[in-house]
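What follows is one structure encoded as structure tokens, with my remarks underneath.
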Amino acid sequence: MSMIFVQLPDGSKKELSEGSSALDLASGIGRRLAEAAMGARINGAVAGLATTLNDGDTVEILTFDTREGQDVFRHSAAHLMASAIMKVRPNTKLAIGPSIEDGFYYDIDADPPLTEEDFPAIEAEMAALVKADAPFVRREVSKAEALNHFRAQGDIYKVELIEGLEDGAITYYDNGDFTDLCRGPHLPSTGRIKAFKLLSVAGAYWRGDEKRPMLQRIYGTAFPNKKQLDEYLALRAEAEKRDHRRLGRQLDLFSFHTAGPGFPFFHPKGMIVLNSLLDFWHEEHRKRGYGQVRTPIILDRGLWEQSGHWDHYKENMYFTQIDERDYAVKPMNCPGGMLIYKTAKRSYRDLPMRMAELGTVHRHEKSGVLHGLTRVRMFTQDDAHIFMTPEQIQKEVIGVIDFVDTVYSLFGLEYAVELSTRPEKSIGSDEMWETATSSLKSALEAKGMAFKINEGDGAFYGPKIDFHVRDSLKRSWQCATIQLDFAMPEKFDLEYTGPDGNAHRPVMIHRVIYGAIERFLGILIEHFAGAFPTWLAPVQAVVIPVASAFEDYAKEVNGALFARGFRVEVDDSTETMKYKIRNAQTQQIPYMLVVGERERENRTVAVRHRRHGDLGSLSLDTFVERLGEEVRTRALDTALAVPKAE
RNA sequence: GCUGGCGUAGCUCAGUUGGUAGAGCAACGGAUUUGUAAUCCGUGGGUCGGGGGUUCAACUCCCUUCGCCAGCUCCA
């Protein structure tokens, strides 16, 4: 008597009747069962089965609603694509083809290289394979057999992969006449991949190693039905529209010029946003007991040798020579902070000593990595160095974590946390690293914060906690970082006098909250799709007279708002009111104040909000008061009453 | 830096097999004086990223260089 269980997505198990082959389960029973158990139709595929099952096995039914289910689905789609590529280009060598968030890719070595022009042919072949509905069949092979097979095909990549595998643990998945080395699991058959699209092709190093050959990576995505695929594609198109590089031009915030690749130029409107961010930053630092310092951009070579940057960071630094003396342009602010610390004899009573610095740094990034404001060669870090006793570490780290959370919450930004440990190129002893790493870890645990460990990704002088925020195209960017450093105080021989009257070595934290203000601005532009909260908006309100006869009153309204410190403009161009409104909308100006006969009579303004539309008339005084409230509280939405949508 | 792609007016883009460039928006001028997302008419604007080559002739082909885009490697 066979006993096979199906584990449903809700965690419960259901026994299946005898005689169901795994394939049957997968292709038919699985979905039906799952639907019955959940009391609803599953909008998607059932995935993830092995082809041979033993008594007592549990079969997990994955739906497309789960990440695991999507992985199986997309991974099967990757096989489907590889199969189609082999039909279109029989002499292609295959490397690996995993699923990724929202899709999949396959790394291939095609000669001549595939281009997007080949996509239609490949997609047509894929469609034919979907129609054929060939099952994915798992089978185990010996290492020798696998090696022979792929050597015969001349696929050096698969051969290398197999060489790294243990004999006895090698499985193939057959699908029609296509066979691929794979751990699985897969969909029962190709017929389920109803909707797919190849998206792009780009280069990728074999095994992620820049010293190895570059392969072609074909990106694609797949969904259980066309509707979901179309929705996804529409979302992508929408995301592209909020690309900060595009909005930066449209909103006249910043520009780039060939005269300085990677060096951003901020326009007046961009500076308003930036300065508003910094006003907030200053307030918060004052509250949290930080002092502020400023240190030079270029400093003597000897200092960089002492700090270790000369040995560990030289390839990213700019240099200059003045009066036959070597200088480096600072890529980080810490050495300057060290020198300030050393200007006096410090006591334990002075600690923790928190010194913030809006430090402009230059880093010679490789040309291919530049990306709008999010990856530049000159940027300003909202840096701070906290000097403290070892006993103060936890409290200070927690303080910074809270700080980051407060700031990000204000913008409604979600973030992911990572703990990065000791890299290969590093300074300091094993114990230092051990203590520093566990201090950061325990602070995160004390905060009950979920985090991922990123082995070997720390700074050369210490481990760090990184906060990652995503851009509109789901690319993740590191913003805030908290780095614990025992090494730099050692190198600079920092000391403080303890209660015992003896000299002790302080520990330091390097931290940024926004990260780089340029990058943070880039992310905010995308996060808000250009519609900054009023406190950040370059223009907070525009007064629009319905006709030139009302320009006087419009100017009066403008003057009243200006006097209260608001950023306001009058649109007195000879265009129509509709045109001016449209203009203000495209510029994402929060408030449009329409004034005509009625408003002039009653000393009111007709308020239109960029998102909520017409909010009706308000007395000028009331509007000023509410706007003030909205700006003062740095609110995300309007402080005015918004009629409820039906 | 690597692989691939792309550089045409301020912006978004057309430009057929090589025969010295067009549109919409923007700008400017004029008319219009308008009640919640584009009023109408007109004008100016480009050594087609730079340099070199092939050709009677190059925006179109080739080389080179710079920049941009996607991804990889690297990073705030």
Side-chain angles (χ1 to χ4, degrees), chain A residues 105 107 109 112-117 199-219 240 243 245-246 249-250 252 255-262 313 315-316 331-332 359 361 363-377 379-383 420 457 459 464 466-469 473 475 477-481 483 510-520 522-523 544-551 574-586 592-599 606-610 613-617:
Chain A
Y105 66 78
D107 283 350
D109 182 355
L114 277 182
T115 68
E116 294 200 11
E117 282 164 27
L199 299 171
S200 61
V201 52
Y205 296 110
W206 169 231
R207 304 217 132 172
D209 184 343
E210 65 179 320
K211 290 179 184 63
R212 310 212 56 183
M214 179 152 275
L215 305 174
Q216 286 190 281
R217 179 166 293 179
I218 318 292
Y219 285 90
E240 255 171 60
D243 188 316
R245 291 166 297 186
R246 180 192 181 107
R249 195 187 307 113
Q250 282 170 7
D252 195 18
S255 57
F256 283 93
H257 303 270
T258 49
Y313 211 75
E315 61 276 19
N316 282 314
M332 295 186 194
V361 298
R363 297 186 186 173
H364 185 72
E365 302 290 353
K366 290 179 185 169
S367 59
V369 307
L370 301 178
H371 182 97
L373 288 181
T374 44
R375 192 72 185 272
V376 288
R377 284 179 171 153
F379 54 99
T380 298
Q381 297 183 300
D382 61 323
D383 215 340
S420 297
D457 210 34
K464 55 180 186 165
D466 292 330
F467 296 76
H468 295 261
V469 179
L473 295 174
R475 284 175 290 221
W477 296 99
Q478 186 185 313
C479 291
T481 179
Q483 313 182 340
H510 309 245
R511 61 104 265 220
V512 286
I513 304 291
Y514 290 140
I517 58 174
E518 290 79 1
R519 175 177 290 182
F520 199 79
I523 288 169
I544 299 175
V546 299
S548 54
F550 309 106
E551 265 174 37
T574 59
E575 292 293 344
T576 59
M577 181 204 60
K578 277 169 172 293
Y579 181 90
K580 294 175 186 178
I581 288 177
R582 180 185 152 78
N583 227 342
Q585 284 286 156
T586 19
M592 287 148 266
L593 306 177
V594 179
V595 295
E597 183 67 45
R598 292 197 293 273
E599 288 72 26
V607 183
R608 178 189 165 98
H609 185 264
R610 66 180 167 207
D614 195 344
L615 298 182
S617 281

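Quick caveat, the model's predicted, so the values are computed rather than measured.
- Of all nucleotides listed (U12(B), U39(B), C72(B)), U12(B) comes nearest to the side chain of Arg249(A).
- Evaluation of Phe379(A) against the base of A76(B) yields a stacking contact (centre distance < 5.5 Å, interplanar angle < 30°).
- Which of U34(B), G67(B), U39(B) sits closest to the side chain of Tyr579(A) comes down to U39(B).
- When the nucleotides G71(B), G35(B), A37(B) are ranked by their closest atom to the side chain of Ala606(A), G35(B) comes out on top.
- Counting only distance, with no hydrogens or angles, the side chain of Arg377(A) and the backbone of Leu370(A) share no donor-acceptor pair below 3.5 Å.
- G52(B) and U47(B) have their C1' atoms separated by 16 Å, with the value rounded to a whole Å.
- When the C1' atom is used for both G5(B) and G42(B), the distance is 41 Å, rounded to whole Å.
- In this structure, the nucleotide among U39(B), U73(B), U34(B) sitting nearest to the side chain of Lys366(A) is U73(B).
- Along RNA chain B, the nucleotide nearest to Gln216(A) and the one nearest to Leu373(A) differ in position, and the one closer to the 5' end is contacted by Gln216(A).
- Listed for the Glu116(A) side chain is no donor-acceptor partner under 3.5 Å among the backbone atoms of Ser200(A).
- With a cut-off of 3.5 Å on both pairing distances, the Watson-Crick or G-U wobble partner of C2(B) is G71(B).
- Here, G18(B) and A9(B) have their C1' atoms 23 Å apart, quoted to the whole Å.
- If you check distances only, the side chain of Tyr205(A) does reach the base of G1(B) with a donor-acceptor pair under 3.5 Å.
- Judged by distance alone, with hydrogens and angles left aside, Arg375(A) brings a side-chain donor or acceptor within reach of the base of C75(B), the pair sitting under 3.5 Å.
- Contact detail for Trp477(A) and His371(A): the closest heavy-atom pair is CZ2-CD2, 3.8 Å.
- OP1 or OP2 of C69(B) sits under 4.0 Å from a side-chain N or O of Arg245(A).
- Going from the C1' atom of C63(B) to that of U55(B) covers 16 Å, rounded to whole Å.
- Base pairing annotation: C40(B) forms a Watson-Crick or G-U wobble pair with G30(B), both donor-acceptor distances under 3.5 Å.
- Lys464(A) has a side-chain polar atom (N or O) that falls below the 4.0 Å cut-off from OP1 or OP2 of A76(B).
- Residue contacts for Thr115(A): at a heavy-atom cut-off of 4.0 Å it reaches no nucleic acid atom on any strand shown.
- The separation of C62(B) from G29(B), taken at their C1' atoms, amounts to 46 Å, rounded to a whole angstrom.
- Phe379(A) is listed as a side-chain neighbour of Val361(A), based on a closest heavy-atom distance under 4.5 Å.
- Within 4.0 Å (heavy atoms only), Glu518(A) reaches no atom of the nucleic acid at all.
- Here the options are Lys580(A), Arg610(A), Arg608(A), the test is side chain to side chain donor-acceptor pair (under 3.5 Å), and the partner is Gln585(A); only Arg608(A) passes.
- Using a 4.0 Å heavy-atom criterion, one finds that Val369(A) contacts the bases of the nucleic acid, with or without backbone contacts as well.
- With U73(B), C72(B), A37(B) as the candidates, the nucleotide lying closest to the side chain of Met214(A) is C72(B).
- Looking at Glu599(A), its side chain comes within 3.5 Å of the base of G35(B) through a donor and an acceptor atom.
- The main-chain N or O of Ser255(A) is never found under 3.5 Å from a side-chain atom of Arg245(A) such that the two would form a donor-acceptor pair.
- Comparing C48(B) with A21(B), their P atoms sit 10 Å apart, to the nearest whole Å.
- Below the 3.5 angstrom threshold, one finds a donor paired with an acceptor across the side chain of Arg608(A) and the base of A37(B).
- At a cut-off of 3.5 angstrom, the base of U39(B) holds no donor-acceptor pair with the side chain of Thr576(A).
- Here, A31(B) and U17(B) have their P atoms 48 Å apart, quoted to the whole Å.
- Listed nucleotides: U39(B), C75(B), U36(B). Nearest to the side chain of Asp614(A): U36(B).
- At a threshold of 4.0 angstrom between heavy atoms, the contacts of Arg217(A) are confined to the sugar-phosphate backbone, with no base atom among them.
- As rounded to the nearest Å, G15(B) and C75(B) have P atoms that lie 42 Å from one another.
- Of all nucleotides listed (A76(B), G1(B), G35(B)), G1(B) comes nearest to the side chain of Ser367(A).
- The side chain of Asp457(A) lies closest to C75(B), out of C75(B), A76(B), G35(B).
- Asp382(A) places a side-chain N or O within donor-acceptor distance of the main-chain N or O of Tyr514(A), the cut-off being under 3.5 Å.
- For the pair Tyr514(A) and Gly208(A), nearest-nucleotide mapping onto RNA chain B gives the more 5' position to Gly208(A).
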